[in-house]
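Notes follow once the structure below has been shown.
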Amino acid sequence: MNRILGIETSCDETAAAVVEGGNRILSSIVSSQVLLHADFGGVVPEIASRSHLEAITYVIDEALTKAGLAKNGDGIDAIAVTNGPGLIGALMVGLAAAKALSLAWDKPFVAVNHLEGHLYASLLEDANIEMPAIVELVSGGHTLLILMSAPGQYQILGSTVDDAAGEAFDKVARFLHLGYPGGPAIEKIAAEGNDKSVQFPRPMLGQGLDMSFSGLKTAVVNFAKKNPTFPVADIAASFQRCVADVLVSKAVAALELTGAKSICLAGGVGANTLLREELKKAASHLHIKCYLPSKSMCTDNAAMIAAAGYYRLQAGPPSLLNVSAVANLSLSGTFEGN
Ligand code: KG4
Ligand code: ZN
C-alpha cells in the first residue's frame, strides 16, 4: 500500500492528491469554494455539497494527471477519503467518489478522520519528526493539543471548551466586515495595526490545557460596538496577538507537562504568520524542535488525508464499503493506542 490517492471534501475545499510512501507528494490539487461562500460570510452547506459534486471528478482527474498516472487506477494502491468530521452532504460526495473508484479499480479504500489528516501535515514535509511530539491543531472547527507518540498513537491533552480559534477569527472578521474566511482577512489588516492598543482578555491562561475563545470574541465585539471610531486595524492586531499568546502559552504548558521532544503546528490557523513566529521563538527558548508545515499543508488538502490513510493501512485492514459519513466524528477512539 505504497501509493495512495487521497480525497477530501469535508468543508469548502474539493481536494485530491497522490502521495507515495506516506510523505512524497506527487500531486496535491485543491479547488476552493471560498468565493461562492464569501457573500454569505460563511460556508453554506447546500452550496458546498453541490459545488463538490461539480468539481470532484475534475479535481481527481487533475491529481492523477499531475502525478503522471493513467485514469484506470494503474499505479494507485489504495484510496483514502475523509469520512468526518465535517458537513454531512459535503463528506458524502467525497466518500461516494472514493467508493466508486474502489469498486471500479478493484482497489482497497480507507476512511480517514479529517483531524487525523491534519496531524500528518508536519510528517508530510519531514518524515523524521522527533516523537513524542505535541501537535497543536487549530482549525475552523477544532482547537486541540495532542500528544503524538508515533503515527497512530495519540492522546488529546486539551481542547477548546467553546469556539475554535479559527471560528473566533471568522466571527470577529464577520463582525468587523472584513470578509470570509476571517483568518487571512484579519491577518492582512492587522499588519497595519498596533497589537498593543487594546488589552483583550487572555482566557484560561494558567488553568490547565483547555482553552476558550468565545469570551474573547464577545470582548472584541463589545469593544468595537462601544468604540465605533477606533481603528479596525488596531482591534484586529490586538485580537490576533491575544489568540497567538493563548495558543503559544498553552503549547508551552503542554510541552512542559509531557516533556515532549517537539512541537508541530496543524490546521488552517497554523497558516497565521504571527502564531508561527511566536511558536518558533517559544520552542527555541525550550530548545525544542518546532515543525511548521507550509501554509498550504496547514489548510485543508488531500495530501494529509492520503498520508493518514497510508499509516492507517500499515496498521490495519482497509475500510468496508458500507462505511458512513459522520458529521461529528471525534478524534478520540478512532486510533489504536488511545
Ligand atoms: O483547517 P482549515 O482549512 O479547515 C477546517 O478544518 O476548519 O481551517 C480553516 C480556518 C478558518 O477558520 C480560517 O479563518 C482559518 O483557518 N485561517 C486562518 C488563516 N488562514 C486560515 N486563521 C488565521 N490566520 C490565517 N492566516
Ligand atoms: Zn481542516
Side-chain angles (χ1 to χ4, degrees), residues 6-15 17 28 30-34 37-38 41-43 45 48 82-87 90-91 94 112-122 124 135-144 146 159-160 163-176 178-191 195 213 216-217 220 236-237 239-248 264-279 292-305 307-308 327-331:
I7 297 176
E8 154 65 38
T9 62
S10 66
C11 191
D12 59 349
E13 325 276 6
T14 314
S28 178
V30 180
S31 166
S32 177
Q33 306 174 359
V34 156
H37 301 288
V43 179
T82 307
N83 78 317
L87 301 168
L91 289 164
V112 167
N113 184 306
H114 178 81
L115 302 176
E116 183 181 5
H118 274 302
L119 297 183
Y120 285 91
S122 291
L124 266 170
V135 186
E136 186 158 52
L137 198 177
V138 268
S139 70
H142 298 84
T143 301
L144 297 165
I146 292 159
S159 67
T160 178
D163 289 356
E167 194 177 350
F169 269 100
D170 293 336
K171 287 179 175 169
V172 165
R174 193 183 319 171
F175 182 79
L176 298 175
L178 296 174
Y180 177 85
I186 290 202
E187 175 159 29
K188 190 165 172 228
I189 194 164
D195 65 4
F213 294 99
L216 167 61
K217 169 205 67 193
V220 175
F239 162 74
Q240 178 180 250
R241 166 64 63 184
C242 191
V243 176
D245 281 358
V246 171
L247 289 172
V248 170
C264 307
L265 202 50
V269 182
N272 186 272
T273 306
L274 178 69
L275 174 61
R276 295 166 77 89
E277 282 169 357
E278 292 301 321
L279 193 64
L292 302 171
S294 62
K295 294 186 180 187
S296 61
M297 283 298 131
C298 286
T299 49
D300 287 349
N301 66 85
M304 67 185 197
I305 301 302
N328 60 355
L329 189 64
S330 67
L331 192 59

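Note that ligands are numbered from 1 as they come in the structure, with each ligand's atoms numbered from 1 the same way. Heavy-atom basis, side chains included; hydrogens, waters and symmetry copies ignored.
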- Does ligand 1 have any atom that is closer than 4.0 Å to a heavy atom of His114? yes

- Query: So which of Gln240, Glu187, Glu278 actually passes side-chain hydrogen bond (donor to acceptor under 3.5 Å, both in side chains) with Thr273?
  - Reply: Glu187

- Query: Got a sec, which residues hit side-chain hydrogen bond (donor to acceptor under 3.5 Å, both in side chains) with His142, two or more places apart in sequence or on another chain?
  - Reply: none

- Considering all heavy atoms of both residues, which atom of Cys11 and which atom of Ala90 are nearest to each other, and what is their separation? O-CB, 4.1 Å

- Message: Run the side-chain hydrogen bond (donor to acceptor under 3.5 Å, both in side chains) test against Glu13 and tell me which residues pass, sequence neighbours left out.
- Response: Ser32

- Can an N or O of His118 be found at a distance shorter than 3.5 Å from an N or O of ligand 1? yes

- Query: What atoms of ligand 1 come closer than 4.0 angstrom to any heavy atom of Asp170?
  - Reply: 11 (C), 12 (O), 13 (C), 14 (O)

- atom 19 (C) of ligand 1 sits nearest the protein heavy atom Gly268 O, 3.5 Å

- Message: Taking a cutoff of less than 4.0 Å between a non-hydrogen atom of the residue and any ligand atom, is Lys295 in contact with ligand 1?
- Response: no

- For Ala271, the ligand 1 atoms whose distance to one of its heavy atoms is below 4.0 Å: 26 (N)

- Query: Which bit of Glu13 gets closer than 4.0 Å to ligand 1, counting heavy atoms only: side chain, backbone, both or neither?
  - Reply: neither

- Message: What protein heavy atom lies closest to atom 24 (N) of ligand 1? Include the residue and the distance to one decimal.
- Response: Asn272 ND2, 3.1 Å

- Where is the nearest protein heavy atom to atom 23 (C) of ligand 1: which residue, which atom, and how far? Gly183 CA, 3.4 Å

- Query: With sequence neighbours left out, what residues match Asp195 under salt bridge (charged side-chain N to carboxylate O under 4.0 Å, His left out)?
  - Reply: Arg241

- Task: State the CD1-CG distance between Ile146 and Leu331, to the nearest 0.5 angstrom.
- Result: 4.5 Å

- Would you say the ring centroid of Phe213 lies under 6.0 angstrom from that of Phe169? no

- Item | Ligand-residue contact atoms, ligand 1 with Gly141, heavy atoms, under 4.0 Å | 7 (O)

- Working to the nearest 0.5 Å, report the span between CG of Leu91 and CG of Leu329. 9.0 Å

- Message: Pairing donors with acceptors under 3.5 angstrom, does anything connect the side chains of Gln33 and Ser31?
- Response: no

- Could you tell me if any non-hydrogen atom of Cys11 lies under 4.0 Å from any atom of ligand 1? no

- Message: As an exercise, state the distance from OG1 of Thr143 to CG of Asp163, rounded to the nearest 0.5 Å.
- Response: 9.0 Å

- Item | Shell of protein N/O/S atoms around the Zn ion (ligand 2), taken as anything under 2.8 Å | His114 NE2, His118 NE2, Asp300 OD1

- Query: Taking distance alone, with no angle check, do Gly267 and ligand 1 share an N/O pair under 3.5 Å?
  - Reply: no

- Note on the structure: Rounded to the nearest 0.5 Å, the OG1 atom of Thr82 sits from the CG atom of Asn113 at a distance of 8.5 Å

- Task: Considering only non-hydrogen protein atoms, determine which one is nearest to atom 3 (O) of ligand 1 and report residue, atom name and distance to 0.1 Å.
- Result: Asp300 N, 3.1 Å

- Item | Min side-chain heavy-atom separation Leu275-Val138 under 4.5 Å | yes

- Can you list the atoms of ligand 1 that are under 4.0 Å from a heavy atom of Glu187? 24 (N), 25 (C), 26 (N)

- Backbone or side chain, does any N or O of Gly166 fall under 3.5 Å from an N or O of ligand 1? yes

- Gap between atom CD of Glu8 and atom CD1 of Ile305 - 0.5 Å precision: 5.0 Å

- Counting from 1, what ligand 1 atoms have a heavy atom of Gly140 closer than 4.0 Å? 5 (C), 7 (O), 8 (O), 9 (C), 10 (C), 12 (O)

